[in-house]
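Worksheet for the structure shown next.
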Amino acid sequence: MAGIERKTNSFDIDNYLDRIINEPSKIFKNREVMSSTYVPQSLPHRDEQIKKIFQVLAPVLQPGNRTISNLFLYGKSGTGKTAVTMFVLQHIKKKCIEYNINNVKQCVINCRHIDTSYRVFARLCEFIGIEIPFTGLPTDIVYDRFKTELEKFKNGILIIVLDEIDQLLKKNKVNKTPNKALYLLTRINSFLKNARIHLIGISNDLNFKNYLDSRILSSLSEEEIVFPPYNSIELEDILRERAKMGLYEGVLDEGTISLAAAMAASEHGDARRAIDLLRVAAELAERNNCKKITQDHVREAIKNIEHDKIKDAIETLPIQSKLVLLGIFFLEEKNYADNTTGDVYSAYIELCNKLSLISPLTQRRVSDLINELDMLGLINAKIVNLGRHGRTKKIKLNISRQSIIDMIVDDASLHPILNYKLKYKKE
DNA sequence: CCTCCACCGGAAAGCCGGGTCA
DNA sequence: TGACCCGGCTTTCCGGTGGAGG
């Protein structure tokens, strides 16, 4: 170790961290409450929906063998579908304990992550206590095991919530057996003697119903509830309620809540976004040692959220998609505008060759990647007709140059093309 | 008015790495 | 061990298409 002098920081890190950890927040009373996934004790402006769900589900609490309808909830994101459902289920659970009812169980499945028939049944099996391998078994077998195990659940009622149910269709469309899980689940009751299941489907996608097989649809939406978007006044109420629980009194500057509410309302009345906005604004205020959360913090929060979203989207991109993105970037670096799929593909191939380790994909595949990037909002791809010159897409970058440069710097495998100049020439 | 470009995008099938089961 | 399954990614094949230019 001789000769190597240990560099010390000019301040005491340990002490500093201790102070950060232990110093009570001057802004947050309860951080958890300010998270958009938190289910509060009351949900403003959703009384009607809550009542209706209770009405539909109430029979599970009543004696006798009442039939229960399946339930279908739809509305845009952040309209409280999930929160209301969780809220109602929590109350039902409480009542079950109170009345000593032990034959009702609830299983919540988020179809964004569990998005194939196989995984839905695997998750259900896991819920009722059967171990199912991640893969390897035929779906039918998993279904059978679930059914058999469920039969042992005497007079049982299993409430299954399928959140973001539309995700189930998107992937399965490729398969030959579209929405097999939904089909089987909607019919399963007629094969069960001792137990019953009850489905609650939740969808963000208003068009979802159109894609669905009519038999499944009629079974699934025996009861339907629509969740309208919140307007900005309602969002203000929601934010005020949260702020009362999560923030200290007096930390909110005049107009802060109104602005956050108005911002979220201008999109489509998304409460989740409104809450996130307020939380990030509060975090900014805290970090800057401000006593109050101001409108400026809200504006800053919007920028931050947007930036984080882009950064996150880029970072998690697979290498091939990154190369496609870079292809577009380098074309624009050469001041080429109106780049078509063909241009981008050529640039992409060139970059692949430069990074000799990556074998290029076909144009068909790259075309799909372009669509994905478009959906992520990282690029803009518009189909245009150039008459004699065919039909293609005009592709434009939709993010800052800096974001792309950051991406190259952050990913070691891309370093060889730092400062690269494209050889490709248009026309 | 017709042609024909340069791609679009659906369908199907292949490959691979994960697994089960007898 | 071999037959078989799942899911994700990819290739192969191919019919389709809106409008500038002839």
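Numbered from 1 within each chain, the chains take letters A, B, ... in sequence-line order.
Which of C:dC6, B:dA11, C:dG8 sits closest to the side chain of A:Arg364 comes down to B:dA11. Side chain of A:Lys393, nearest nucleotide from C:dT17, C:dC6, B:dG9: B:dG9. Among C:dT12, C:dG18, C:dG7, the nucleotide with an atom closest to any side-chain atom of A:Arg391 is C:dG18.
For A:Thr139, a side-chain nitrogen or oxygen approaches OP1 or OP2 of C:dC6 to under 4.0 Å. Between A:Thr362 and the phosphate of C:dT10, there is no side-chain N or O to OP1/OP2 separation shorter than 4.0 Å.
For A:Lys105, the NZ atom sits in a loose shell: 12 or fewer heavy atoms of surrounding residues, nucleotides or ligands are nearer than 6.0 Å. Within 6.0 Å of the CD atom in A:Gln402, the count of heavy atoms belonging to other residues, nucleotides or ligands exceeds 12. Surrounding CD of A:Glu48 are at most 12 heavy atoms belonging to other residues, nucleotides or ligands under 6.0 Å away. At most 12 heavy atoms of other shown residues, nucleotides or ligands fall within 6.0 angstrom of atom NZ in A:Lys354. In the displayed structure, A:Ile233 atom CD1 is contacted under 6.0 Å by at most 12 heavy atoms of other residues, nucleotides or ligands.
The OH-P distance, from A:Tyr143 to C:dC5, rounds to 19 Å in whole Å. Taking atom CD1 of residue A:Ile383 and atom C1' of nucleotide B:dC5, one finds them 16 Å apart after rounding to whole Å. Atom CG in A:Leu361 sits roughly 18 Å away from atom P in C:dG8 (whole-Å rounding). The nearest whole Å value for the distance from the CG atom in A:Leu386 to the P atom in C:dG21 is 9 Å. Rounding to whole angstrom units, NE2 of residue A:His389 and C1' of C:dG18 are separated by 14 Å. Across the protein-nucleic acid pair, A:Leu168 atom CG and C:dG7 atom P stand 11 Å apart, rounded to whole Å. Between the CZ atom of A:Arg119 and the C1' atom of C:dC5 there is a distance of 14 Å, rounded to whole Å. For the pair A:Gln167 CD and C:dG7 P, the interatomic distance rounds to 16 Å; values are reported in whole Å.
With contacts defined as side-chain heavy-atom distances shorter than 4.5 Å, the pair A:Asp406/A:Ile314 does not qualify. A:Phe146 is listed as a side-chain neighbour of A:Leu158, based on a closest heavy-atom distance under 4.5 Å. Counting heavy atoms from C-beta on, the side chains of A:Leu247 and A:Met34 come closer than 4.5 Å. The side-chain heavy atoms of A:Tyr348 and A:Leu361, taken from C-beta on, include a pair separated by under 4.5 Å. At least one side-chain heavy atom of A:Val120 sits under 4.5 Å from a side-chain heavy atom of A:Leu185.
A:Glu286 is linked by a side-chain hydrogen bond (donor to acceptor under 3.5 Å, both in side chains) to A:Ser25, A:Arg31, counting only residues two or more places apart in sequence or in another chain.
Counting any heavy atom pair closer than 4.0 Å across all strands shown, A:Ile141 reaches no nucleic acid atom. Across all strands, A:Phe134 comes closer than 4.0 Å to no nucleic acid atom at all (heavy-atom distances).
Remark: the A:His268 side chain and the A:Ser77 side chain contain an N/O donor-acceptor pair separated by less than 3.5 Å.
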Would you tabulate the pairs of protein nitrogen or oxygen atoms and nucleotide nitrogen or oxygen atoms of nucleotides 20-22 of chain B closer than 3.5 angstrom?
{"unit_1": "B:dC21", "atom_1": "OP1", "unit_2": "A:Arg145", "atom_2": "NH2", "d": "2.7"}

Produce the list of close N/O pairs, under 3.5 Å, pairing protein atoms with atoms of nucleotides 2-4 of chain B; give distances to one decimal.
{"unit_1": "B:dT3", "atom_1": "O2", "unit_2": "A:Arg388", "atom_2": "NH2", "d": "2.7"}

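Salt-bridge annotation for A:Glu333 and A:Arg401: present, with a side-chain N of the basic residue lying under 4.0 Å from a carboxylate O of the acidic one.
Shown for residues 365-374 of chain A: residues whose heavy atoms fall under 4.0 angstrom of DNA chain B, namely A:Ser367, A:Asn371. For the segment residues 318-325 of chain A, no residue has any heavy atom less than 4.0 angstrom from an atom of DNA chain C.
Residue pairs meeting the salt bridge (Lys or Arg N to Asp or Glu O under 4.0 Å) criterion with at least one partner in residues 121-149 of chain A, sequence neighbours excluded, are A:Asp140-A:Lys180, A:Glu149-A:Lys152.
Taking every heavy atom of both residues into account, A:Ile68 and A:Val56 meet most closely at CG2-O, 3.4 Å.
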